[in-house]
Structure formats: C-alpha cells, structure tokens
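The structure appears below as structure tokens.
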Amino acid sequence: MNVLDGTTIATAHHVACDVAIVGTGPAGAAAARTLAEAGLRVVLLEEGPWVQPRDYPVDGFSSMAMLYRDMGANVALGNAPMPVLQGRAVGGTSVVNGAISWRLPEDVRAGWVAADPGLAGTLDADELRTLFDGIEQDLGIAPTSASVAGPKNLLMAKGAVALGLEHRAISRNTRGCEGLGRCLQGCPHGRKQSMDLTLLPLACEHGAQILSRVTVTAVQTEGGRAVGVIGQAAGGGKVTVQARHAVVLAASAIQTPLLLLKSGIRHGPVGHNLQAHPGVAVVGQFKETVRMWNGATQGHEVIGLRKDGIKFEALGYDPSIIASRMDGMGRAFARNLDQLAHEAHWGVAVRAQGRGRVRLGWRGRPIIQYSLTPRDVDCIRRGVRVLGEMFFAAGAERVLPGVHGWAPVVTDPREMARFETDGPRQANAYHGAITHLFGTCRMATDPAHAVVRPDFRHHTVAQLYIADSSVFPTATGVNPQTAILALATLCARSVARQ
C-alpha cells in the first residue's frame with residue numbers, strides 16, 4: 001500500500017493532487033476508492049499510524065494507546081459524562097470496532113426523506129440497496145457462525161428465546177474469523193475486513209497515496225473555494241496538499257466540524273446537532289465458564305425493541321480492561337478476579353433523543369457537550385431491566401447492574417423485573433459510553449439548517465465536500481459503518497461529476 005509515514009517528514013512537504021481526503025476510516029476509504037477508480041489523483045491524510053495486523057498489541061491498554069484517539073479518554077460533558085470512543089489509525093475506527101455491519105434501515109431512510117424531501121434524489125432506496133449489496137460482497141459481510149460465537153453470544157440467544165425477543169447472529173465484515181475475541185484491539189490475523197486491508201489498498205492500486213501521522217490543521221480556501229489542506233507531520237515538517245478538484249472531509253462527526261471551525265468555515269449549524277448511541281453494560285455471572293474474551297467479539301444481538309430505539313449486543317473485552325474496572329481490594333479483588341471467567345457482559349445501546357455540540361477548545365482540542373434526555377434515561381432503564389431478565393433466563397446465578405442507587409449484586413429475578421419502574425432516574429447513575437456519532441455537519445436542502453447540500457457539497461464553500469456520518473440528519477439506531485460506506489460512495493460520485 002502506498003503510505004508515506006509522517007514521522008519521516010522533517011521539512012516542508014508539498015503534494016499536488018485532484019482530490020485531498022482528510023481521514024482514512026470507512027468514509028475516507030470509500031470515497032478514495034471511488035474517486036481513484038474514476039481516474040482522479042487522490043491523496044488521503046491520516047493523523048494515526050499505519051499498523052500491520054501482526055503488530056497489533058495483545059492487551060487492551062496498549063491497543064488503546066496505539067490505535068484509539070486520546071487512549072479512549074476523550075469525554076463528552078453533560079448530565080452523565082461519558083467517554084467518546086474513536087479509532088485513530090490508517091483505516092480509522094474500522095480497525096478497532098466489533099465489525100458489526102447493518103444496512104441503513106429503510107424506516108430511517110424514509111424518515112430522513114419525509115422530513116426533507118430534497119434528500120430523495122440522493123437517498124434513493126434502489127440505489128442504496130445496490131450499494132449495500134456491493135459492500136457486503138466486498139467486505140465478506142455475513143452472520144456470525146455458531147462455530148466461532150463462543151458462550152457469551154450463544155447465552156444471549158438462549159436468554160432472548162426464553163423472553164420471546166427477536167434476536168439474530170450479528171452480520172460482520174470478516175473472512176475466516178477464528179473467534180479470537182480481539183476485534184477491539186485489531187485482528188492480529190487480518191480476518192476483520194477493515195479499511196486498511198480492503199478499500200484503501202484498492203484505492204492505492206489506482207494511484208491513491210496515504211500520508212499517515214499527519215495532523216490536518218486547516219482547509220485552505222481562495223475566492224470562496226477549497227483548494228487544499230495544511231497539516232503538521234509527526235516528524236516536524238509542514239505538509240501542504242494542493243487539491244485542484246475538491247477537498248473531502250471524512251474525519252468523523254467530532255473531527256470534521258472541529259476542522260471547519262479551525263479553518264474559519266462557520267456556515268450553518270457546524271458542530272451542533274451531535275447525536276449518538278449511548279450505551280451501558282450489565283454483567284451476568286454463570287456457574288459455567290464463559291471466558292467472554294474468547295469467541296467473536298460481538299456476535300449476537302437482540303433487535304426486538306429496535307423500533308423503540310433500543311438494541312442489545314453481546315460484548316467482548318480484553319481481561320486487562322475488565323479487571324481495571326472491578327471493585328475491591330486485596331482478597332476481595334482476588335475473589336472478583338477469580339470470578340472473571342464466569343462473567344458475560346452484554347450492552348444496551350439507545351437511539352437517543354439527546355442533542356449535543358462540538359466546540360473549538362484550548363489548543364484546538366474539541367469540547368464535546370452531550371446530555372441524555374429523560375426519555376433516553378427511560379430507555380436505558382428499560383434496557384437494563386431486559387438485560388437482567390435475559391441473564392437470568394439464560395441461567396445466570398447473579399446479575400451486576402452496575403448502577404448507582406441499586407443493589408450491586410442481584411440474585412432474585414424479581415428485583416430486575418422492577419428496575420424499569422423503580423430504577424434511578426438520574427442520568428449520572430449509569431456508567432456509559434457513546435459511540436456512533438452523527439449530525440454535526442448535517443445534510444439538508446435549507447442552508448439555514450444545514451452545513452452541506454443533499455449532494456454533500458458545502459453550502460457556501462465551493463469544491464468542499466463532507467463524506468462522513470456528520471452529514472447524517474439523525475442517528476440511525478444501528479451500527480452505521482455500512483451506511484457510512486454507502487453515503488461516502490455517493491459523495492464521491494458527486495465529486496467526480498463536478
């Protein structure tokens with residue numbers, strides 16, 4: 001793959017191209033492949049490193065230091081402060097996510113078009129269906145095999161059946177998965193079809209170049225047009241990329257609005273309307289061995305409440321990450337550690353109503369503000385109740401809700417059954433994280449309420465496009481990687497037509 005490591009750039013470095021793309025995650029990779037195959041000279045810029053699968057760390061902490069933005073310590077401030085998890089590497093978050101692959105649900109697409117009929121031409125259902133077919137073929141997307149699922153996923157299926165909830169094996173972008181349970185650290189055997197192993201090499205085969213370890217600091221504009229980007233290489237050199245045809249931002253719903261603000265491009269609600277899928281986890285302890293770090297990292301989901309904005313997933317973490325969050329000291333900690341192999345962690349993710357904001361902070365760092373609404377907390381309470389009931393139905397002896405103001409260990413299923421009505425109503429009673437970020441450069445027809453047009457062009461700056469999930473009008477309620485790939489492809493087609 002054609003990658004120039006920014007640690008080797010110690011002096012001024014100038015590159016000319018047709019299209020400069022900021023970001024190499026799913027959005028940047030899909031746009032780069034489409035544009036390079038169309039014959040355009042493409043240069044991608046990535047703040048993180050290019051890491052070969054054999055070099056991925058085994059333990060979670062080392063992986064977070066190498067492959068996650070701010071080691072996963074960036075926090076959204078609000079009524080329930082939550083970490084914001086994003087990858088930072090060539091391939092973006094696709095390197096360290098659970099490989100969960102959902103098409104954009106038709107009810108979500110239809111809702112976007114109903115709210116803004118001007119999106120109908122861009123978000124044509126038939127065209128999207130064709131794109132999804134191609135993405136699934138390219139990335140080997142298929143349901144998780146029972147042979148690599150492992151107990152944590154199979155137990156979730158058992159609990160869902162007992163409660164009569166619709167469930168299924170998760171479709172993931174993998175080929176030959178061995179069930180190592182290391183998706184969140186980077187698959188060491190390259191079985192996960194992340195962007196660094198799939199679309200980015202295809203783009204490079206058609207002439208694209210990647211500049212890794214280069215932090216883009218500004219979009220250059222002249223006469224109301226985007227003409228390139230400026231960056232700082234890890235080796236100390238200033239990087240200037242001149243783009244004759246277009247600049248495409250694909251840096252995420254946090255970093256893209258931040259870059260626009262740094263560049264003085266402030267049209268529309270840039271940085272506003274941040275939406276996400278907040279999630280919390282519940283622990284079940286079983287008599288039998290589970291070893292949640294083995295088997296497909298996230299191989300099963302319960303979707304029976306998706307229309308209510310609630311989705312459940314089996315989770316998988318490295319033991320060092322789990323142990324770091326355990327209570328107790330001395331012998332108490334040792335007893336908890338001894339129980340670790342008998343635990344399963346399952347999570348609930350909410351299509352939240354909360355709206356946040358990304359602002360420009362000290363030294364160019366983001367200030368992320370995001371709060372849960374009372375309805376969001378209601379959904380989380382319901383989700384915790386259902387998770388507890390699923391655990392007991394699957395045979396768990398104890399449930400650890402992990403909620404302030406509730407029993408730390410529950411052995412009576414009736415106590416979990418009343419959690420939805422009696423559980424804490426304060427948002428900060430719940431330990432959560434937010435992933436799947438949307439909306440901070442939203443796409444719409446009306447320039448007063450949007451940053452980009454329905455064809456992904458910036459409303460006021462010519463030759464500037466945004467391809468990532470910041471353009472999504474709302475949260476999707478499901479894992480968005482496949483939808484990001486599809487919409488970024490549409491964005492690239494729009495660029496190529498200009």
Give the C-alpha distance, both sets of side-chain angles, the deciding distance and a yes or no for side chain to side chain contact (heavy atoms under 4.5 Å, CB included) between Leu44 and Leu211. CA-CA 6 Å; Leu44 299 101; Leu211 306 181; over 6 Å; no
Begin from the C-alpha positions of Ser94 and Lys192 and carry the test side chain to side chain contact (heavy atoms under 4.5 Å, CB included) through to its verdict. CA-CA 9 Å; Ser94 74; Lys192 181 166 60 173; over 6 Å; no
Does some side-chain heavy atom of Asn173 sit less than 4.5 Å from a side-chain heavy atom of Gln481? yes
Please confirm whether the backbone N or O of Val95 pairs with a side-chain atom of Ser194, one donor and one acceptor, at under 3.5 Å? no
To the nearest 0.5 angstrom, please state how far the CZ atom of Arg33 sits from the CE atom of Met195. 10.0 Å
Which of parallel (below 30°), tilted (30 to 60°) and perpendicular (above 60°) describes His167 and His300? tilted
Give a yes or no on whether the backbone of Leu274 and the side-chain of Thr440 come within a donor-acceptor separation of less than 3.5 Å. no
So, does Gln193 use its side chain to make a donor-acceptor pair with the main chain of Thr174 at under 3.5 Å? no
Would Glu397 and Gln285 satisfy side chain to side chain donor-acceptor pair (under 3.5 Å), going step by step from the backbone distance to the final call? CA-CA 6 Å; Glu397 296 181 320; Gln285 294 182 338; over 6 Å; no
Side chains of Val302 and Met156 in contact at under 4.5 Å (non-hydrogen atoms): yes
Can you measure from CE (Met1) to OG (Ser212) and round to the nearest 0.5 angstrom? 9.0 Å
Electrostatic pair Lys311-Glu301, nearest N-O below 4.0 angstrom: yes
Strictly distance-based, threshold 3.5 Å: is any side-chain N or O of Thr289 a donor or acceptor partner for the main-chain N or O of Ala341? no
Please confirm whether the backbone N or O of Gly477 pairs with a side-chain atom of His277, one donor and one acceptor, at under 3.5 Å? yes
Gap separating the CG atom of Asn479 from the NE2 atom of His436, nearest 0.5 angstrom: 4.5 Å
Locate the shortest heavy-atom distance separating Gly388 from Val399; write the atom from each residue and the value. O-CG2, 4.0 Å
So does Asp308 pair up with Arg382, basic N to acidic O under 4.0 Å? yes
Minimal non-hydrogen separation, Ile434 against Ala76, with atom names: CD1-CB, 3.8 Å
Is there a side-chain contact between Gln86 and Tyr68 (heavy atoms, below 4.5 Å)? no
Can you measure from CG (Leu490) to OG1 (Thr34) and round to the nearest 0.5 angstrom? 9.0 Å
Nearest atoms (heavy-atom pairs only) where Pro143 meets Ser171: N-OG, 3.7 Å
Side-chain touch Pro26/Thr93, heavy atoms, less than 4.5 angstrom: no
Where the side chain of Thr482 meets the backbone of Arg103, is there a donor-acceptor pair that is under 3.5 Å apart? no
N-O pairing of Arg182 and Asp59 below 4.0 Å: no
Does the side chain of Thr7 pick up a donor-acceptor pair with the side chain of Arg213 at under 3.5 Å? no
Nearest atoms (heavy-atom pairs only) where Leu260 meets Cys441: CD1-SG, 3.8 Å
Answer yes or no: is there a donor N or O on one side and an acceptor on the other, between the side chain of Asp376 and the main chain of Gly354, under 3.5 Å? yes
Any side-chain heavy-atom pair from Ile21 and Val43 closer than 4.5 angstrom? no
Determine whether Leu259 and Val216 satisfy the following criterion, side chain to side chain contact (heavy atoms under 4.5 Å, CB included), listing intermediate values before the conclusion. CA-CA 8 Å; Leu259 181 55; Val216 176; 3.9 Å; yes
Are any side-chain N or O atoms of Ser469 and backbone N or O atoms of Phe438, one a donor and one an acceptor, separated by less than 3.5 Å? no
I need the minimum non-hydrogen distance between Ala253 and Ser470, along with the two atoms involved. CA-CB, 3.7 Å
Does the pair Asp318 and Leu184 meet the rule for a side chain to side chain contact (heavy atoms under 4.5 Å, CB included), with working shown? CA-CA 8 Å; Asp318 174 72; Leu184 306 187; over 6 Å; no
Give, for atom CZ of Arg398 and atom NE2 of His342, the distance between the pair rounded to the nearest 0.5 Å. 9.5 Å
Show the numbers, then the answer: is there a side chain to side chain donor-acceptor pair (under 3.5 Å) between Ser63 and Gln185? CA-CA 5 Å; Ser63 176; Gln185 296 118 275; over 6 Å; no
Cation-pi, Trp406 ring and Arg381 (6.0 angstrom, 45 degrees): no
Is Glu288 close to Leu155 at the side-chain level, that is, under 4.5 Å between some pair of heavy atoms? yes
When you compare the side chain of Leu77 with that of Ile368, does any pair of heavy atoms fall below 4.5 Å? no
Take Ser252 and Asp468 through the test side chain to side chain donor-acceptor pair (under 3.5 Å) and record every step on the way to the result. CA-CA 6 Å; Ser252 83; Asp468 57 41; 5.8 Å; no
Is it true that Phe312 and Trp346 have ring centroids separated by less than 6.0 Å? no
Is there side-chain contact between Leu372 and Tyr370, with at least one heavy-atom pair below 4.5 Å? yes
Atom CG of Leu139 and atom CG of Leu485: how far apart are they, to the nearest 0.5 Å? 6.0 Å
Verify, without hydrogens or angle tests, whether Asn153 (side chain) and Gly299 (backbone) share a donor-acceptor contact under 3.5 angstrom. yes
Shortest non-hydrogen separation from Ile254 to Val358 and the atoms involved: CD1-CG2, 3.6 Å
Is there any salt bridge (Lys or Arg N to Asp or Glu O under 4.0 Å) pair reaching into residues 79-100, and which pairs are they, with sequence neighbours excluded? Glu47-Arg88
Is there a donor-acceptor contact under 3.5 Å from the side chain of Lys158 to the main chain of Met390? no
Residues Thr474, Arg351; criterion side chain to side chain donor-acceptor pair (under 3.5 Å); working and verdict: CA-CA 9 Å; Thr474 70; Arg351 188 186 185 192; 3.1 Å; yes
